[in-house]
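Because the structure is a prediction, the values reported are computed rather than measured. Chain letters run A, B, ... following the sequence lines, proteins first and then strands; every chain starts at 1.
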2 protein chains.
Amino acid sequence: MDPGSIDSIVAERLRLVDQRYTSGRRRLVALLEDAARPETIPELLERAPGLRQSSAYRNLHVLEQVGVVHRIVTSGEHARFELAEDLVGHHHHLICTGCGRVDDFTVPAPLERSLEAALVKAVTGTGFASTSHRLDVIGTCEACQR
Amino acid sequence: MDPGSIDSIVAERLRLVDQRYTSGRRRLVALLEDAARPETIPELLERAPGLRQSSAYRNLHVLEQVGVVHRIVTSGEHARFELAEDLVGHHHHLICTGCGRVDDFTVPAPLERSLEAALVKAVTGTGFASTSHRLDVIGTCEACQR
DNA sequence: CTCAGTGCAAAGGATTTGCATGCCG
DNA sequence: CGGCATGCAAATCCTTTGCACTGAG
């Protein structure tokens with residue numbers, strides 16, 4: 001997805017709830033766009049001198065509310081943030097149990113389709129209304145294997 | 001799996017690290033065994049008058065260390081605890097975005113197998129060593145749909 | 001007896017919030 | 001101008017920990 005369109009989608013979603021697409025929020029979205037993987041707030045702050053912690057929390061929360069940002073909680077450490085799937089595409093995560101690092105990956109489309117179909121079937125009759133799924137691989141990243 | 005064997009497995013695992021299978025720990029395991037779904041510490045405490053919060057946290061941590069209990073963190077709220085998969089079998093979760101409730105469910109074995117195979121293949125070459133996977137369905141539980 | 005386990009209360013750490021001020025629309 | 005956004009610091013909330021005491025082996 002091209003960068004410009006992400007910005008306009010974000011702007012539009014914010015406008016719908018009478019929120020402004022301020023420079024601080026633009027900066028956060030840009031940081032997440034550049035990130036190769038979901039990042040914690042301390043990581044984001046380090047890459048963005050001048051960003052205030054409380055504003056980061058507040059704005060990421062707003063962006064999450066409008067469906068632009070997704071929060072991932074893997075363990076006791078900091079939460080991690082990434083752009084929502086409708087902006088960057090459906091994908092999954094490799095979660096390192098050693099250091100908490102989270103990387104993105106995708107599975108072949110055919111499997112993804114049969115998975116989705118099977119899940120819908122498995123949930124039928126439970127009264128649960130499914131909106132999406134989450135598939136993570138748990139393991140150890142290269143650095144933590146040594 | 002029959003109740004007695006869970007107890008003996010837990011006892012054995014604790015013994016290996018010179019820990020005792022005390023009444024408090026037995027109580028926690030029994031509570032998790034009875035639970036229909038992963039529960040938070042407040043939920044467990046409510047069902048177990050006399051259980052101390054700090055002991056619950058401490059003992060669940062010990063039980064997690066020895067691989068008997070699994071901790072699930074779905075959002076900012078309380079963590080949820082369940083018996084580990086090698087005691088109760090591989091399964092997945094329905095996560096309600098409305099109230100945070102988590103229910104168990106399983107998918108057909110054939111799909112589970114092709115999924116596992118595909119994941120191994122997808123991860124090959126990334127340097128990541130996978131040990132397991134996690135598949136959750138996100139949506140809204142019956143109560144939260146109204 | 002000895003040492004792990006437990007209770008209680010206080011500490012810790014991530015995240016949130018109140019309030020006064022700044023700034024966009 | 002009016003109201004959302006921001007900074008700062010204090011407050012919250014879940015979870016962990018120190019310490020003294022109890023209990024199992």
Any side-chain heavy-atom pair from A/Val123 and A/Lys121 closer than 4.5 angstrom? no
Taking the six-membered ring for Trp, is the centroid-to-centroid distance between B/His133 and B/His90 below 6.0 Å? yes
OP1 or OP2 of C/dT6 less than 4.0 angstrom from a side-chain nitrogen or oxygen of B/Thr22, does that happen here? yes
The side chain of B/Arg71 lies closest to which of these nucleotides: D/dT16, C/dT15, D/dC4? D/dT16
Could you state the CG-P distance from A/Leu14 to D/dC4, rounded to the nearest angstrom? 14 Å
Interatomic distance where CG belongs to B/Leu28 and P belongs to C/dG5 [whole Å]: 13 Å
Output yes when at least one side-chain N/O atom of A/Arg25 is less than 4.0 Å from OP1 or OP2 of D/dA5, else no. yes
Would you please confirm or rule out a distance under 4.0 Å between OP1 or OP2 of D/dT16 and any side-chain N or O of B/His61? no
Below 4.0 angstrom from OP1 or OP2 of C/dC8, is there any side-chain N or O of B/Ser54? no
Please state how far atom CG in A/Leu63 lies from atom P in D/dA5, giving the value in whole angstrom units. 11 Å
Ignoring backbone atoms, establish whether A/Asn59 has a side-chain N or O less than 4.0 Å from OP1 or OP2 of D/dT6. yes
Between A/Gln53 and A/Arg58, just flag the one whose closest nucleotide in DNA chain C comes earlier from the 5' side. A/Gln53
Heavy-atom distance under 4.5 Å between the side chains of A/Thr106 and A/His92, does that happen here? no
Would you mind reading off the distance between B/Ile41 atom CD1 and D/dC13 atom P, rounded to a whole angstrom? 17 Å
The side-chain hydrogen bond (donor to acceptor under 3.5 Å, both in side chains) partner of B/Glu39 among B/Arg80, B/His78, B/Arg47 is B/Arg47
Provide, to the nearest angstrom, the distance between the CD atom belonging to A/Glu64 and the C1' atom belonging to C/dT15. 13 Å
Gap between atoms NE2 and P, on A/His78 and D/dC14 respectively (whole Å): 18 Å
Reckon B/Tyr57 has a side-chain N or O less than 4.0 Å from the OP1 or OP2 of D/dT15? yes
Heavy atoms from other residues, nucleotides or ligands near CD of B/Glu46 exceed 12 (cutoff 6.0 Å): no
Rounded to whole Å, please give me the gap between CG in B/Leu44 and P in D/dC14. 15 Å
Between atom CD in A/Gln19 and atom P in C/dG25, what is the gap in whole Å? 13 Å
Polar side-chain contact B/Arg52-C/dG5 base: donor and acceptor under 3.5 Å: no
